[in-house]
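The structure appears right after this line, and notes come after that.
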Amino acid sequence: MMAAPSPAEQIRQDFAPPQADVEEITRAMEAFARGHNSEGRRVVLITSGGTKVPLESRTVRFLDNFSSGHRGATSAEYFLQAGYAVIFLHRHRSMYPYSRRYSALNWLDVLRLLPCSAPREHRVEAVQSQLPGIVRVLQDYHGMKESGRLLPIEFNTLSDYLHLLLAAARALSPLGSNALFYLAAAVSDFYIPASEMPEHKIQSSSGPLQITMKMVPKMLSPLVKEWAPKAFVISFKLETNPEILIERARKALDTYRHQVVVANVLDTRRSYVVVVTSTEEEKLSISDEEESVGVEIEDKIVKDLTLRHTRFIEGTELN
Ligand code: 9Z3
């Protein structure tokens, strides 16, 4: 009997080849990680947003999911605030640190034309009252850019995501326990292998559609065992039924043997999570009062996890 392919082999066999610039991106991640590490800074890889799974190779249709990238983008800001360098592996057009606060705005409603002294010329001005907190956000955003501590990397499809996660893991591996993985992206569990995907648009004239999808290889397993075995690894567990949440999070910890699972339920994910480790269950929540003054759950999540990361580096956090 043939041995099952490793996840890395399965990615090579079943998915579209990596995007053309994957080598260049890998080098950028390696240089970023090495540079910050040599200055004594910890580096976190944040994955963020949903994934698209194509149904045809000349893709007209795809399967998608709900994730907006809010968790990842917001957490990136708090990790930057905590002094980390951040590789932000996010889905194209999902929420982005800092600008996320204004992602629902129509910019044309925020800008106003002002006449100039020269005839038929205009200046453009932003209506500040429509941009709550903009001064602070601009200060933080430009401060972060000058510090060079954010490396944004985009993916489009599930295939891009898998190739880039593998590359990122290899770039961070030399950092040992100073590397943190914060896997908040909602990654599809199912896909159609490249060899089984129709090339052209599926015809509706052929009647109702039946498709069989394969299980996406679980990347956590090789990440923890082979790609970055000394790193501090945090995955997220999402459920819609709160009754099975903790049991599922524990199952993931038992299976992959990483450090932390942050468990959340779809409807309450902005105000309640449980940080699950092999020995603890720490409930984090946002009260109505905190919410009314703009406290975000990601602030609490990142504070909790950076503390655990410190203890892990010092060898006092149980694995
Ligand atoms: C999460 O659970 C994230 O917290 C959310 C954030 C995706 C719910 P938004 O992007 O939502 O702010 O709108 N991420 C991981 C979800 C996931 O697919 N986890 C897998 C699972 O539950 C394990 S890797 O099986």
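Ligands are counted one by one from 1 in listed order, and the atoms in each one are counted from 1 as well. Small disclaimer: the values here were computed from a predicted structure and weren't measured.
Near ligand 1, heavy-atom contacts under 4.0 Å come from Phe66, Ser67, Ser68, Gly69, His70, Arg71, Ala184, Ala185, Ala186, Val187, Phe236, Lys237, Leu238, Asn264, Arg269, Arg270.
Remark: Glu282 pairs with no residue by the salt bridge (Lys or Arg N to Asp or Glu O under 4.0 Å) rule, at least two apart or across chains. Contacts of Tyr182 classified as ring pair (Phe, Tyr, Trp, His ring centres under 6.0 Å), with partners at least two apart in sequence or in another chain: Phe79, Phe236. With sequence neighbours excluded, the residues that form a side-chain contact (heavy atoms from CB on, under 4.5 Å) with Asn37 are Leu175, Asn178.
Between the side chains of Thr277 and Arg308, no donor N or O sits under 3.5 Å from an acceptor N or O. For the residue pair His36 and Tyr84, no side-chain donor N or O sits within less than 3.5 Å of a side-chain acceptor on the partner.
Of the possible polar contacts, none joining the Ser173 side chain to the Arg170 backbone as a donor-acceptor pair under 3.5 Å is found.
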